[in-house]
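By convention here, the first residue in the shown sequence is residue 1.
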Amino acid sequence: MDGTYDNGEQAGEDYFAKVSDRPQVYKVSASFRDRVATSSASLKSKSNVRFNRDELKTVQIRNTSLTMVAERNSEGKWMISQPENLRGREAATFFILDPFETRGTEVIEKPAAKVLAALSKPAVEARLTDNSGRVTVVRFTEPSDNSAYARVEGRAEVLKVPESVVNNLDFKADQVAATPPAGTP
């Protein structure tokens, strides 16, 4: 069945239902009707960004304080290459990767103009590049009322996320470096 499902009138404890590409009318239970009537947004993944840490090569995060670039080395450590004053230091994955694994609270298929405007001037923008060179761009709004919005470039839907996601990505230079500079005793 490729058509759309339409709920009809109640018939006792059951409901009449029709699939748009079929001439038949069906009688379905209330529990079946409720399962099928679930919105597609509630069924969508609330994962911020899907990625495999082992397949990531570069992470670039531009926030209100800085633009940070980290590259995974042959030992699997994330080494900062930008900004210059942090070059060669290991990046804390808590700031550069963990926020992307936080699940959202809601998928918004048709975001309001206000949300889209905020995403056009993001508080945080991240570029995740995998080993094959594929780049995933994610933009986050400024937090408001304990949440923020995120959108992966190329997708229509917007994800509502806890404000902690943006707060963690809005790190300062002294927070993101997990190790002291090379050659420091």
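- Panel note: side chain R62, backbone M68; no donor-acceptor pair is recorded below 3.5 Å.
- Taking CG from N85 and CG from L66, the interatomic distance works out to 8.5 Å, rounded to the nearest 0.5 Å.
- The backbone N or O of F171 lies less than 3.5 Å from a partner atom in the side chain of N63, making a donor-acceptor pair.
- Using a 4.5 Å cut-off on side-chain heavy atoms (C-beta onward), V135 and L128 make no contact.
- You'll find the side chain of L97 reaches within 4.5 Å of the side chain of L56, heavy atoms only.
- A salt bridge does not link K57 to E71: none of the charged nitrogens lies less than 4.0 Å from a carboxylate oxygen.
- A distance of 12.5 Å separates CG in L119 from NZ in K114, rounded to the nearest 0.5 Å.
- Side-chain atoms of I108 and L159, non-hydrogen and from C-beta on, never get closer than 4.5 Å to each other.
- Proximity of V176 to L86: side-chain heavy atoms (C-beta onward) are separated by under 4.5 Å at one or more points.
- No donor-acceptor pair under 3.5 Å is formed between the side chain of D170 and the backbone N or O of V166.
- In summary, D130 and R53 do not engage in a salt bridge, as defined by a charged side-chain N under 4.0 Å from a carboxylate O.
- The side-chain heavy atoms of I61 and T67, taken from C-beta on, include no pair separated by under 4.5 Å.
- At distances below 3.5 Å, not a single donor-acceptor pair connects side-chain atoms of T58 with backbone N or O atoms of T129.
- Within the model, atoms CD of E163 and CZ of F140 stand 14.0 Å from one another, a figure rounded to the nearest 0.5 Å.
- At a threshold of 4.5 Å between side-chain heavy atoms, the hydrophobic network of Ile, Leu, Val, Met, Phe, Trp and Tyr places V69 and M79 in two separate groups.
- In terms of modelled atom types and a separation under 3.5 Å, the side chain of E101 and the main chain of D98 share no donor-acceptor contact.
- The two residues A91 and A70 make their nearest non-hydrogen contact at CB-CB, 4.2 Å.
- Taking all atoms of both residues into account, the shortest heavy-atom contact from K160 to S147 is CE-OG, 3.2 Å.
- Taking each heavy atom of P99 and F94 in turn, the nearest pair found is CD-O, 3.2 Å.
- At least one side-chain heavy atom of T136 sits under 4.5 Å from a side-chain heavy atom of V152.
- Between L116 and R151 there is a side-chain heavy-atom pair separated by less than 4.5 Å.
- Residue L169 comes nearest to F95 through the heavy atom pair CD2-O, 3.4 Å, listed as atom of the first residue, atom of the second, then distance.
- A salt bridge between R155 and E153 is absent, with no side-chain N of the basic residue lying under 4.0 Å from a carboxylate O of the acidic one.
- Distance alone, capped at 3.5 Å, places no donor-acceptor pair between the R127 side chain and the V59 backbone.
- Atoms CZ and OG, from R87 and S81 in turn, are 6.0 Å apart once rounded to the nearest 0.5 Å.
- In the hydrophobic clustering of this structure, V137 does not group with Y149; members are Ile, Leu, Val, Met, Phe, Trp, Tyr whose side-chain heavy atoms approach within less than 4.5 Å, directly or through other members.
- At least one side-chain heavy atom of N167 sits less than 4.5 Å from a side-chain heavy atom of P143.
- The two atoms that bring A92 and Q175 nearest to each other are CB-O, 4.5 Å, heavy atoms only.
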